[in-house]
Amino acid sequence: DTGVSQNPRHKITKRGQNVTFRCDPISEHNRLYWYRQTLGQGPEFLTYFQNEAQLEKSRLLSDRFSAERPKGSFSTLEIQRTEQGDSAMYLCASSLGISGNEQFFGPGTRLTVL
Amino acid sequence: GQNIDQPTEMTATEGAIVQINCTYQTSGFNGLFWYQQHAGEAPTFLSYNVLDGLEEKGRFSSFLSRSKGYSYLLLKELQMKDSASYLCAVHSSASKIIFGSGTRLSIRP
């Protein structure tokens, strides 16, 4: 399967714990995006990388959230001191070069904070 | 501000035609996406409109009017598998896509 992959698919954690999610984009895609989606809503943009550079961050991304893409390939999203409001589906997407190109989404990581 | 409006829910009959409308007000506009999302799954790309007019792709067509801030997705010959949420999304900047809340479409036999 050469699509976008995300791990883990599900994560249950206790409030206050740190969690880290991984996204592996389609190999030739240089753009990578993180979104958060709650039930009944569309995905909300969190952050965007072009290669290894993080070019844009949403105001939704508080200080507890950090994302990296160290070698311009896979990316990680870390949430520190999780809160119940962080419970959501975290989606990763990748696209190739030219702006406006189709974004391919991964299956998502569903986070439940107890 | 950024605002994308689409109906929350719609119901249609198998074999029929349905039109899902989307209106938007965003600070930037490069194009408009439509995505399909089945429950519990990731969104999948349906269409991307940059210029005004209708673009047809099989049973699905998408229309855009930039001056009116309006788009619609037209689904023909509806099948049960078309039951899903349909997300309207504006490509507002080089990197940012703003999604609407989605329209949950139910197809009845």
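It should be emphasised that the depicted structure is a prediction, and the values quoted were computed from it without experimental measurement. Proteins get letters first, then strands, A, B, ... in listed order; numbering begins at 1 in each.
- With respect to chain A, the highest number of heavy-atom pairs below 4.5 Å among B:C88, B:G31, B:P43 belongs to B:P43.
- B:Y24 and B:L74 are not part of a single hydrophobic cluster, where members link through side-chain heavy atoms under 4.5 Å apart.
- The environment of CZ in B:R59 is crowded: more than 12 heavy-atom neighbours from other residues, nucleotides or ligands sit within 6.0 Å.
- Between chain B and the options A:G106, A:G42, A:P43, A:P107, heavy-atom pairs under 4.5 Å are most frequent for A:P43.
- In this structure, chain B has no heavy atom under 4.5 Å from any part of A:F104.
- Taking a 6.0 Å sphere around CD of B:E77, one finds it holds 12 or fewer heavy atoms contributed by other residues, nucleotides or ligands.
- When heavy atoms are compared at a cutoff of 4.5 Å, A:Q37 approaches chain B solely by way of its side chain, counted from C-beta outward.
- Summarising the local packing, CD of B:E14 is surrounded by more than 12 heavy atoms from other residues, nucleotides or ligands at distances under 6.0 Å.
- Put simply, the residue from A:Y48, A:F45, A:Y33, A:Y35 that forms a side-chain contact (heavy atoms from CB on, under 4.5 Å) with B:I97 is A:Y35.
- Residues A:E102 and B:F33 approach most closely at CA-CE2, 4.3 Å, considering heavy atoms.
- The structure places CZ of B:F99 at 11.0 Å from CD of A:E44, a figure rounded to the nearest 0.5 Å.
- In this structure, A:L114 places its CG atom where more than 12 heavy-atom neighbours from other residues, nucleotides or ligands lie under 6.0 Å away.
- For a residue to count as touching a neighbouring chain, one of its non-hydrogen atoms must lie under 4.5 Å from one of that chain's; by this rule A:L91 touches chain B with the side chain only.
- Around atom CZ of B:R104, no more than 12 heavy atoms belonging to other residues, nucleotides or ligands sit under 6.0 Å away.
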